[in-house]
Each structure stands twice: as structure tokens, then as C-alpha cells.
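No hydrogens, no waters, no symmetry mates; every other heavy atom, side chains included, goes into these values. Remember, it's a predicted structure, so these values are computed and weren't measured experimentally. Chain A is the first sequence line, chain B the second, and so forth, proteins listed ahead of strands; every chain is numbered from 1.
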Protein chains: 2
Amino acid sequence: MSTEDWDVYDRNCPTRRLLDRIGDRWTVLIVGTLDRGPLRFGEIARRIDGISQKMLTQTLRGLERDGLVIRTLYPQVPPRVEYELSPAGRTLQEPLRALEAWAESHMSDVLESRELYDRSASGACGPVRSRA
Amino acid sequence: MSTEDWDVYDRNCPTRRLLDRIGDRWTVLIVGTLDRGPLRFGEIARRIDGISQKMLTQTLRGLERDGLVIRTLYPQVPPRVEYELSPAGRTLQEPLRALEAWAESHMSDVLESRELYDRSASGACGPVRSRA
DNA sequence: CGGCATCCTCTTAGATACTG
DNA sequence: CAGTATCTAAGAGGATGCCG
């Protein structure tokens, strides 16, 4: 909570980049899976259908670097690595859940709107609005 | 609000793609600029530093197609085009603002965490945690 | 002014193979 | 198991030029 505040509408605003990270497709899903406690690498991979091992590693590293996820390595053979949300990471859950909830509840509207839009490639005259 | 609910953790879930769209870097900023009412194309472009005309057009088209933004063309010379949030688009503002607020308020923590992380490339023994 | 089309570049991410 | 490394394909996105 620094007194200095950034402007996301400025090109060089670091907050803009952070926004990119947390809005990232995989970040949203990963943080979502970790809401019930620590998970092993493989467990996360299995829960998020379609994520590649590379993207999972990469995204987890980024989250760890940002202090949002804590990585715990148990030096065994075979190795066991657990990931859990940090306190800061837990505060991120609420906004992300809200976003996810919005997407779910507006999915059908959006789908309908797309169909309408795609169907009418041609328009009329007068001030043309995209939606009546 | 259909009774059918999807699972974002499934690879083929359409909600997942919608989540991608609304989490998009430009979408967040564009929806943010439109919170005070309609804006012309050029006005939006001027407010969002660093956006190219191509990405602005493209993102606005997507939002229009999804029924989140309404495009109004006034057939004048030179043409005048205004964009405004639809009712559905306005409901998106709250979650996006929450996300933006989160990013702003946690920026300094994240920056600090990154520095710490980058500084210590080497680790110790025992169960190794990313953060004490 | 607001855009579309084209070109071209640079980043991403998926697949694959190998390692401690 | 949990990665790292490498290659390649696909797409994001910028620059430019033309048009209604």
C-alpha cells in the first residue's frame, strides 16, 4: 500500500503487466484449484484439463516469484512438490472467483449475442446500432 | 442463466474461452474507459496509452459481438462512431474493477517478492519453501 | 475519422525427449 | 514425480497504406 499510485492507462505502468498475469487463463484456473489447500504438481495438472506441463510449470513459477504461491519441495525419491496459496494469493481468490462467476452466468447471453451478430453481417441505414 | 452449468476445468468449456476474453489486457482497459459513458473511437485510443488501432478495433469488435459493447455509427462526413457499454457490459465493470484494484494495491508487495526471488537463485537444504 | 487489408515480426505455447 | 531443454507451429500484434 504505497502512497504512490500508478496509472494503468499509462503504457509503462507495472500494474498493467501484473493485471496481465492475474487475468491470464491459466492463472485463474490454477488459483482456483488451490482454494482447498495444497496440491501436488501432478494433481493440479490432472484437475486442469488441457494444460501442458510446460505451462503449468511456467505459470506456477511466475506465481511463486510474485509471492502468490508457495512451493514446498520434499527431498524424497521420487520428489514430492506441493503448491499452496500464500496469504496474498488467497486475497486474489475473491476477485478471480467473481470474474469466473460472471463468465459462467453470462455465458448463454454471450453465446446468443454472437449468433445474432454473425447472422446479420449486413446492416440497415440511419444511425446504426449494434444492438436494438 | 441456463440451468446447464459448465465446468471451466474442462478443456472444451466455452466459459473458459469467455474468461480469456474478459481477462484480456485490452478488454480490461477498454471496459474501464467506458465507465463514464460513450466515447468515440479516437478518444478511447488516446486514453489507452500504447494500444494500436488494430487491437482497439479488434477488441471492440469482439466486445460488440459478445453483446458487451454497443457501437453506434453516425453517418456523417467525417464519420463519427461511438462506443458504450451495454447493460451486460456494465455488469462486467464490477469484477474488472475489483481485479484492477487488487493489482494496484498489491503491486508493491509483488515487486518486492520478485526482487527477493531473483536475488536468491540458490537455495538451502531441507524441505525448501519459496517463502519463509 | 474510423476502419480494413496486407505484410512482417516476435512472442507463445504445444509436443517431444531427456534428467535428477 | 517433477521438472528442464529444444523444436516448431500458431497467433498476437505492430507498421503501413488505402478507402468510405
Side-chain angles (χ1 to χ4, degrees), chain A residues 11-12 16-17 19-21 23-30 33-34 38-65 69-84 121-130, chain B residues 11-12 16-17 20-30 33-34 38-65 69-84 121-123 125 127-130:
Chain A
R11 181 198 312 248
N12 300 121
R16 195 137 125 180
R17 296 190 176 269
L19 209 48
D20 288 352
R21 284 207 58 56
D24 177 77
R25 61 179 344 180
W26 299 125
T27 297
V28 177
L29 296 175
I30 290 174
T33 60
L34 292 178
L39 284 179
R40 299 185 60 170
F41 184 89
E43 289 174 324
I44 305 176
R46 246 168 283 120
R47 291 185 192 212
I48 303 178
D49 187 38
I51 194 172
S52 67
Q53 171 254 40
K54 177 185 174 179
M55 287 318 294
L56 181 53
T57 301
Q58 195 171 302
T59 309
L60 282 171
R61 283 286 171 284
L63 289 170
E64 185 195 359
R65 190 171 99 102
V69 155
I70 300 174
R71 177 179 185 271
T72 309
L73 162 67
Y74 299 93
Q76 313 170 346
V77 269
R80 172 191 185 85
V81 180
E82 281 192 351
Y83 292 91
E84 65 183 312
S122 56
C125 302
V128 181
R129 302 190 119 217
S130 59
Chain B
R11 180 200 312 250
N12 300 120
R16 195 137 124 179
R17 297 190 176 268
D20 288 353
R21 285 206 60 58
I22 63 179
D24 177 79
R25 61 180 343 180
W26 300 125
T27 297
V28 177
L29 296 175
I30 290 175
T33 60
L34 292 178
L39 284 180
R40 298 185 60 170
F41 184 89
E43 289 173 324
I44 305 175
R46 245 167 286 119
R47 291 185 191 212
I48 303 178
D49 186 38
I51 194 172
S52 68
Q53 172 253 41
K54 177 183 176 180
M55 287 318 294
L56 181 53
T57 301
Q58 194 171 303
T59 309
L60 282 170
R61 282 289 170 281
L63 288 170
E64 185 195 358
R65 189 171 101 101
V69 155
I70 299 175
R71 176 180 185 269
T72 309
L73 162 67
Y74 300 93
Q76 313 170 345
V77 268
R80 172 190 185 85
V81 180
E82 282 191 352
Y83 292 91
E84 66 183 311
S122 56
C125 302
V128 181
R129 304 191 115 214
S130 57

- Message: Just N and O in the side chain of Tyr83(B): are any of them under 4.0 Å from OP1 or OP2 of dC1(C)?
- Response: no
- Query: If you check the Arg61(A) side chain, which of dG20(D), dA2(D), dT4(D) turns out closest?
  - Reply: dT4(D)
- Starting at atom CZ of Arg25(B), determine the distance to atom P of dG13(D), rounded to an integer number of angstrom. 6 Å
- Min side-chain heavy-atom separation Val81(B)-Arg71(B) under 4.5 Å: yes
- Message: Rounding to an integer number of Å, can you tell me how far Lys54(B) NZ sits from dG14(D) C1'?
- Response: 7 Å
- Query: Using 4.0 Å as the upper bound for N to carboxylate O, is an ion pair formed by Arg61(B) and Glu64(B)?
  - Reply: yes
- Atom-pair distance (CD1 on Ile51(B); P on dA12(D)), nearest Å: 14 Å
- Of the listed dC4(C), dA2(D), dG2(C), the closest approach to the Arg71(A) side chain comes from dA2(D)
- Task: Round to the nearest Å and state the distance from Phe41(A) atom CZ to dT19(C) atom P.
- Result: 19 Å
- Give the rounded distance in Å between these two atoms: CG of Asp24(B) and C1' of dA12(D). 10 Å
- Query: Tell me: CG of Leu73(B) to C1' of dC19(D), nearest whole Å?
  - Reply: 15 Å
- Residue pair Ala45(A) / Ile51(A): nearest heavy atoms and the distance that separates them: O-CG2, 4.1 Å
- Task: Rounded off to whole Å, could you give me the CD-to-P distance for the Gln58(B) and dG13(D) pair?
- Result: 7 Å
- Map Ser52(A) and Pro78(B) onto DNA chain C by nearest heavy atom, then report which one ends up closer to the 5' terminus. Pro78(B)
- Message: Using a 6.0 Å cut-off, check whether atom CZ of Arg47(A) has over 12 heavy atoms from anything other than its own residue.
- Response: no
- Message: Tell me whether the side-chain N or O atoms of Gln53(B) pair up with the base of dG3(C) as donor and acceptor below 3.5 Å, since no angle test is needed here.
- Response: yes
- Task: Could you state the atom-to-atom distance from CG of Leu56(A) to P of dT12(C) in whole Å?
- Result: 18 Å
- Message: Strictly distance-based, threshold 3.5 Å: is any side-chain N or O of Thr33(B) a donor or acceptor partner for the main-chain N or O of Ile30(B)?
- Response: yes
- Task: Give a yes/no on whether any side-chain N or O of Arg80(B) is located under 4.0 angstrom from OP1 or OP2 of dG2(C).
- Result: no
